[in-house]
Every structure is written in structure tokens, then in C-alpha cells.
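Structure first, then comments.
Start at 1 and go down the list; that is how both ligands and their atoms are numbered.
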Amino acid sequence: MHQIHQIYINGQFVTPHGEELFDLFNPANAQCIGQVRLADERDAMNAVSAAKQAFTEFSRTTKAVRVDYLKRMHAAIVCVEAELTEAIIEEYGAPVSRASWMAKHAASVLLDAATVLEDYDFTQHLGIAEVTMQPIGVAALITPWNSNAGFICGKLAAALAAGCTAVIKPSEMSATQTSIVTRALHEVGLPPGVFNIVTGRGETVGAVLSTHPDIAKVSFTGSTAVGKQILRAGAETLKRITLELGGKSPVLILEDADLKTAIPMALQAGFMNSGQACIAGTRMLVPAQRLAEVEALVAEQVAGIRAGDPNDPATSIGPMVSFKQWQRVQRYIQIGIEEGAYLLAGGPGLPDGIDAGWFIRPTVFSRVTNQMTIAREEIFGPVLSIIPYDDEEQALTIANDTPYGLQAYILSSDLQRAHALASRIDAGRVLINTLAHEPRAPFGGFKQSGIGREYGTFGLEAFLEPKSVLS
Ligand code: NAD
């Protein structure tokens, strides 16, 4: 059993003032695997005050010093990659291939930030002005459970690269990952208070961080509902706020696409991270004249997708993170059936041969209209909708007819056509015939998928304020 009874403030592991014990679970068998003692409001305030004190010195460090820190932090996370992979499997249920990618990602984001920082010019001259990019102040970094270690490291990397200090509030459901990351980063020996990690509830620790006058910046990844609350809470002190929220990403399969490659890629986009991905391609838009062909291929391929034991390398879909999340996804499957969508694969209940754990049958609905609930709301599970379209204009209208705008996918054998279409899609990222990630390119959403961008220079500048000095 994991017993995690300390938080990290001012360079030290301390017992929280908060006393609530929160159970941690293995979602693959629904067994309790330990407890984390949660921080409370007073702990959050102590962390802010440590970060504020550290900011004076840290904001004046040179680029070279911070590049060195980031490289050492990268090396420290690399050293715990194996341990982190195990924790991600046990506590979150990611299939082993995904979990090991996630652990590597937690390390690589630190190195990526070091590279961006090395190349970044903090001063430029515009007319008679000297414009300097100045670290914004103490940053609050709030992360969700669906890639906790990666979000902690990614947000912290950008904040420290900028010269900010940070208070991190990770998801309370990811405490073993957080504890591994904290111990590794502690070994780097950053000045006390530069980063602080307080695992606690959103309503307590999160609420302090989004209202505290000494927090200048909030970088939040999570649900759109909580993102809006944070924006409202931060308005009083005019915090700079980056929000990375939900999505309902379209996968546009054009009629010239080679379905033998397009369908596996579309399914991978839809079921990535067991469907618990903000960028999951959950609306598959297919030409009506090829619907029968698509349905046959999808049914055949989904039959071969394994949902089950995350430790088995043959598994590509793990359990949902919690019983609550399992119930939520089951409810959406029921809604899909009730609203008259055609159940092409999967359905309610547990996958065949599984009698414990929070598993979902990989589910695909077809002949879905874009007005159905399953096409409009983020399900955050392995449930996809196939929506037929008559022509490219209609496909584009459907793709953009969503409150979200995080990511879109285009699968086509005509690159020029795909690029022309990409320019008309309202989404922060459009992937053409690929599922690749580009850490130098900005990431973030249009519309209700968020505000601001992470990664690369855009992500760094989210922690900086421009100052013009004229003489
Ligand atoms: P969530 O919004 O419930 O929680 C996210 C974090 O916010 C947690 O640490 C939580 O404790 C904290 N929180 C909750 N209430 C708060 C409050 N009032 N004030 C401050 N903090 C508060 O989301 P979740 O269920 O952990 O994650 C799933 C959601 O995250 C999905 O909607 C998904 O789309 C989104 N997500 C977005 C991205 C992206 O980059 N756009 C990436 C991953 C997940």
C-alpha cells in the first residue's frame, strides 16, 4: 500500500496541515492501493509564500543557469522513467506502451524547454524602444489525472525557463506519480521555494491558487467547466490565465483517402489514451458514399482491439481512471442508443472475459448526426461517432459545428486539398495523415477548448510580460 503523507514546500518534504486521507485505486481491478494525505488552504498559502520569496532571486538568474537546471531536471526524470511507468500503469491504468511513452514525455518536455530557452532572445529593439520579456511572477500550475507527470513537468519547465517560480497542484488521483516526480526533482537541488507541490482538492487548494493575490499566472489543464471557474476566480486580481480544456475533435476522412490506412489511424486517434484524451478524434466524418465500406472496416478492426489488462503488451485500451468516469462513459453509451445512433461495435457493460475493473467495451456508433449528445459532448472514454457527410463543404461545416476547437485530423491522399481544408478548420492543431506531436509548435484550443498556448516559444511567452523602455 502506498502511503503518501508529505507535500513539498520551500525545498522540503513536510507533513500537510490538511488531514484528509484520500484513497488511491488501481482502476484495472478497482482495489484500493493506498492513501494520500491532502493539503488544505493553509498549505496552499504556505506554498505561495515560499514561491513568492524565491521569485526575487530566481527571476534574476541567467538563461544559462536555468538551461542547466532544466537539463538536470530532465536527467533526474530519465532516472525514474521505469518507476514512473509502473506507477502510471498501476494508478492510472494506461496500457504499458502508452505508460512508457508518458514517462518518457515527462522527461523530454524538460529538455525541449531547455532548447527553446537556449534559442530565445529576451530583448529586442522596436523603433526607439527596448522591449524586454520579464518573468510574470509566481505561477500556479494545475494538472488533471490523464497525464499527470507529463503536465507537471511540461508546465513547470515553461515556468522555470521564463524565470517564474511555481506552486503545482496536481490531480489528487495521481499521487504516486506526483511523489516519484517530486523526489526526482528534489535531487536536482533547485533553490528552496522555486517549485512547490501541494496535492489537494480543487475546491480547497485549487481555489486558493486561483484567487491568491500573490499568484500572477495560472496555467490549468482540465475540464472546460473548471477552466471557466478559474477564469472567473482569477478575474478579481486580473491573473494571466492559460487554459487547456476539452475537445470533440473531428477526423475528416476525405473520399480520396486510402481506407486501409485511414481507418486504423482514425481509430488510433479516437481511442488514444484509452479515450481519456482531450485531443482524441471522437467524431469520424466520412463520405456518405463510402459509409458501408467504412462501417465494415471499422467493425472488423474494433473486433481486434483489446481492452483489458494494462500490463499486457497486446492491450491498447486500459480502464477508465475511476468508477465515476466509468459510470459517466456508460451513461453516454446509453444516451447514444436512446438517441437512435446505430451501435456498430461495443456497447454497454464490461468487455468480454472481464469481471472487475473500470473497463469499457471499445464502442463505435455510426449514422450519428452532429446534433446528437454523443457528437456534441466530450465523453472522455473509448466511444466514437461516425458522422456521414455529402460533400467537402458539409464536412467542413460539421467539423466546425462544435463549441470546441482543440485539434482536428484530415486523412486524404491529396495533400494540397488537405492543406486547403486545414486552413478553414477552427482548431489549434490540424494533423494531416499523421498522429505526430511537434513540441516546438504551439498547442492549445480555439473557442471553448481554451485560452493561450503551451509548448515552444508560445508556451514560454505565456509566463512572460513584455516591458518597453523608451529613451
Ligand atoms: P478537472 O477539471 O475536474 O480537474 C483538473 C484539475 O483541476 C484537478 O487537479 C482538479 O483537482 C482541479 N480543480 C477542480 N476544481 C477546481 C477549482 N474549483 N479550482 C481550481 N482547481 C480545480 O478535470 P479532470 O477530470 O482531472 O481531467 C479531465 C478533463 O481535462 C477533460 O475534460 C479533458 O478534456 C481535459 N484535458 C484537457 C487537456 C488539454 O490540454 N486541453 C489535456 C488533458 C485533459
Side-chain angles (χ1 to χ4, degrees), residues 18 20 22 36 38-41 44 91-92 94 102 105 109 140-152 154-155 158 167-175 177-178 197-212 215 218-235 239 241-249 272-282 320-329 332 377-381 402-407 427-429 437 442-455 459 462:
E20 180 186 352
F22 180 86
V36 54
L38 297 181
D40 66 7
E41 290 89 342
E91 168 182 79
Y92 171 58
M102 285 169 138
H105 179 73
V109 283
L141 314 176
I142 305 178
T143 72
W145 41 260
N146 68 335
S147 188
N148 180 63
F151 286 125
I152 290 179
K155 288 182 190 294
V167 177
I168 302 165
K169 195 219 85 67
S171 168
E172 52 278 39
M173 283 189 270
S174 314
Q177 291 169 62
T178 299
I197 304 192
V198 277
T199 299
R201 289 192 182 274
E203 313 88 80
T204 54
V205 173
V208 167
L209 298 181
S210 34
T211 49
H212 199 297
I215 295 286
V218 180
S219 176
F220 168 80
T221 297
S223 60
T224 298
V226 173
K228 288 177 184 176
Q229 275 182 43
I230 290 176
L231 197 58
R232 280 192 287 266
K239 297 191 192 319
I241 296 184
T242 298
L243 300 175
E244 300 289 359
L245 311 175
K248 196 73 198 175
S249 301
M272 71 166 76
N273 203 6
S274 308
Q276 300 176 126
C278 49
I279 53 172
T282 47
M320 300 297 92
V321 72
S322 63
F323 182 57
K324 188 171 151 213
Q325 191 67 15
W326 184 85
Q327 284 177 309
R328 175 189 152 94
V329 178
Y332 275 111
E377 297 183 11
E378 186 181 50
I379 298 175
F380 230 53
T402 165
Y404 294 111
L406 189 57
Q407 188 144 297
R429 268 194 189 190
H437 171 56
F443 173 78
F446 280 36
K447 302 191 274 184
Q448 295 193 33
S449 283
I451 294 179
R453 294 293 182 268
E454 295 193 289
Y455 291 115

Self-check item: Close residues, ligand 1: non-hydrogen atom nearer than 4.0 Å
Solution: I142, T143, P144, W145, N146, F151, K169, P170, S171, E172, G202, G206, A207, F220, T221, G222, S223, V226, Q229, I230, E244, L245, G246, C278, E378, F380, L406, F443

Exercise. Kindly indicate, with the supporting measurements, whether the criterion side-chain hydrogen bond (donor to acceptor under 3.5 Å, both in side chains) is fulfilled by Y92 and Q177.
Key: CA-CA 9 Å; Y92 171 58; Q177 291 169 62; over 6 Å; no

Practice problem: With rounding to the nearest 0.5 Å, note down the distance linking OG1 in T143 to CG in N148. | Solution: 4.0 Å

Quiz item: Between F380 and W326, is the gap from one ring center to the other below 6.0 Å?
Solution: no

Practice problem: Indicate the ring-plane relationship of H105 and H437, choosing parallel, tilted or perpendicular according to the 30° and 60° boundaries. | Solution: perpendicular

Self-check item: Considering all heavy atoms, the nearest E378-C278 contact
Solution: OE2-CA, 3.9 Å

Quiz prompt | Shortest non-hydrogen separation from R201 to F22 and the atoms involved | solution = NH2-CD1, 3.7 Å

